[in-house]
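Quick note: residue numbers are just sequence positions, from 1. Keep in mind that this is a model prediction, so the values were computed, not measured. Note that these values count all heavy atoms, side chains included, but never hydrogens, waters or copies made by symmetry.
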Amino acid sequence: MMLDWTKVATVFLDMDGTLLDLHFDNYFWLEHIPLRYGEKHGLESAEAREALMRKYRSVEGTLQWYCIDYWSGELELDITALKQEVAHKIAVHPHAERFLAAVRGSGRRLMLLTNAHGTSVEIKLRKTELGRYFDRLIVSHDLGEPKESAAFWPLLREYEPFDPKSALLVDDNLSVLRAAAGSGIAWTIAVKRPDTTLGEKDTGEFPAISDFSEILPD
């Protein structure tokens, strides 16, 4: 795909599903948590999964959905400890680290921009060692709004001043990309396969990449 890097000064990158394979999160929330929740509350596998899906849907798209503290209390489980149990499944997408190194080497400002809870970010960056590439790590919990919210983007400009006309966002969440585009972010790119164990997803109106080798800076 065509990306005019001469016009890009600031790069925002999502974490889960963008830099990292979303398979870890899908496995954790759809397989591992139902198992442990069922054990904790004496539920059969299908019953536990059904109960969890209702809970998930009730807060989807809100900060609570991304909050480890919320889920630890809601499910009466130590979510941080359970993430550690399956941390070996955390994986970096193909060419993501090569892309990070290239952007960092180009002198552009590079920031991680994630809805993930700070504890989850810490676990994943410790496992992948990707944190060293970023000028700043921005967690939406610190701004009080998820990236899907139109209110998030003006708050971000106060938190981290930048020019939207020279900013790039790569994200796997279409609601986030739409909110970003609506706020004036010039370049919004989707990810075709956030979870490498699944097929390509519909990326709607957004240009999309199969991997980061397609948009390496010159």
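- More than 12 heavy atoms of other residues, nucleotides or ligands sit less than 6.0 Å from atom CD of Glu205.
- With contacts defined as side-chain heavy-atom distances shorter than 4.5 Å, the pair Leu137/Leu125 qualifies.
- In this structure the side chain of Leu100 reaches within 4.5 angstrom of the side chain of Phe134, judged on heavy atoms.
- With a 6.0 Å cutoff to the six-membered ring centre and a 45° limit on the axis angle, Lys83 counts as a cation-pi contact of Phe28.
- In this structure, the side chain of Thr114 does not engage the main chain of Val139 through any donor-acceptor pair within 3.5 Å.
- By the rule that hydrophobic residues join a cluster once side-chain heavy atoms approach within less than 4.5 Å of another member, Phe152 and Val176 end up as members of one cluster.
- The backbone N or O of Lys147 sits less than 3.5 Å from a side-chain atom of Trp153, completing a donor-acceptor pair.
- Clustering ILVMFWY residues whenever any of their side-chain heavy atoms sit less than 4.5 angstrom apart, transitively, puts Met15 in the very cluster that holds Val191.
- Glu39 and Arg36 are joined by a salt bridge, as a carboxylate oxygen and a charged side-chain nitrogen come within less than 4.0 angstrom of each other.
- The shortest side-chain heavy-atom distance between Val11 and Trp5 falls under the 4.5 Å cut-off.
- Taking the side chain as every heavy atom from C-beta outward, Leu52 and Leu75 approach each other to under 4.5 Å.
- Rounding to the nearest 0.5 angstrom, the gap separating the CD1 atom in Ile209 from the CZ atom in Phe212 is 4.5 Å.
- Using cut-offs of 30° and 60° for the angle between ring planes, the His141 and His117 rings count as perpendicular.
- The hydrophobic clustering, which links ILVMFWY residues whose side-chain heavy atoms are closer than 4.5 Å, places Trp187 and Leu112 together.
- Inter-residue side-chain proximity for Ile33 and Ile79 is flagged as met; some heavy-atom pair is nearer than 4.5 Å.
- Checked against the 6.0 Å centroid threshold, Trp71 and Tyr56 count as a close aromatic pair.
- The two atoms that bring Glu214 and Ala208 nearest to each other are OE1-O, 4.1 Å, heavy atoms only.
- Between Trp65 and Asn115, every side-chain heavy-atom pair lies at or beyond the 4.5 Å cut-off.
- Taken from CZ in Arg108 to CG in Leu168, the straight-line distance is 9.5 Å, to the nearest 0.5 Å.
- Between the CD1 atom of Ile185 and the CZ atom of Phe162 there is a distance of 4.0 Å, given to the nearest 0.5 Å.
- Distance alone, capped at 3.5 Å, places no donor-acceptor pair between the Ser72 side chain and the Asp69 backbone.
- Counting only distance, with no hydrogens or angles, the side chain of Lys201 and the backbone of Asp172 share a donor-acceptor pair below 3.5 Å.
- Taken together through direct or relayed side-chain contacts under 4.5 Å among Ile, Leu, Val, Met, Phe, Trp and Tyr, Val170 and Val103 form part of one hydrophobic cluster.
- Looking only at distances, a side-chain donor or acceptor of Thr62 sits under 3.5 Å from a matching main-chain atom of Val59.
- Side chains of Glu31 and Arg49 form a contact here, defined as non-hydrogen atoms less than 4.5 Å apart.
- With hydrogens and angles disregarded, a donor-acceptor distance shorter than 3.5 Å links the side chain of Arg193 to the backbone of Leu198.
- Here Tyr133 pairs with nothing under the ring pair (Phe, Tyr, Trp, His ring centres under 6.0 Å) rule; sequence neighbours left out.
- Residues His93 and Asp211 have side chains not in contact (no heavy-atom distance under 4.5 Å, counting atoms from C-beta outward).
- Transitive grouping of hydrophobic side chains (ILVMFWY, heavy atoms separated by less than 4.5 Å) keeps Leu22 and Leu174 in distinct clusters.
- One finds the CG atom of Asp142 at 11.5 Å from the CG atom of Leu156 (value rounded to the nearest 0.5 Å).
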Worked check of side-chain contact (heavy atoms from CB on, under 4.5 Å) between Leu169 and Leu177: CA-CA 8 Å; Leu169 170 68; Leu177 290 167; 3.9 Å; yes

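- Remark: Arg104 engages Asp135 in a salt bridge, criterion side-chain N to carboxylate O under 4.0 Å.
- Rounded to the nearest 0.5 angstrom, Leu30 CG and Met53 CE are separated by 6.0 Å.
- Here the closest heavy-atom approach between residue Ala179 and residue Ser149 is recorded as CB-O, 4.3 Å.
- A distance of 10.0 Å separates CD1 in Ile189 from CG in Leu13, rounded to the nearest 0.5 Å.
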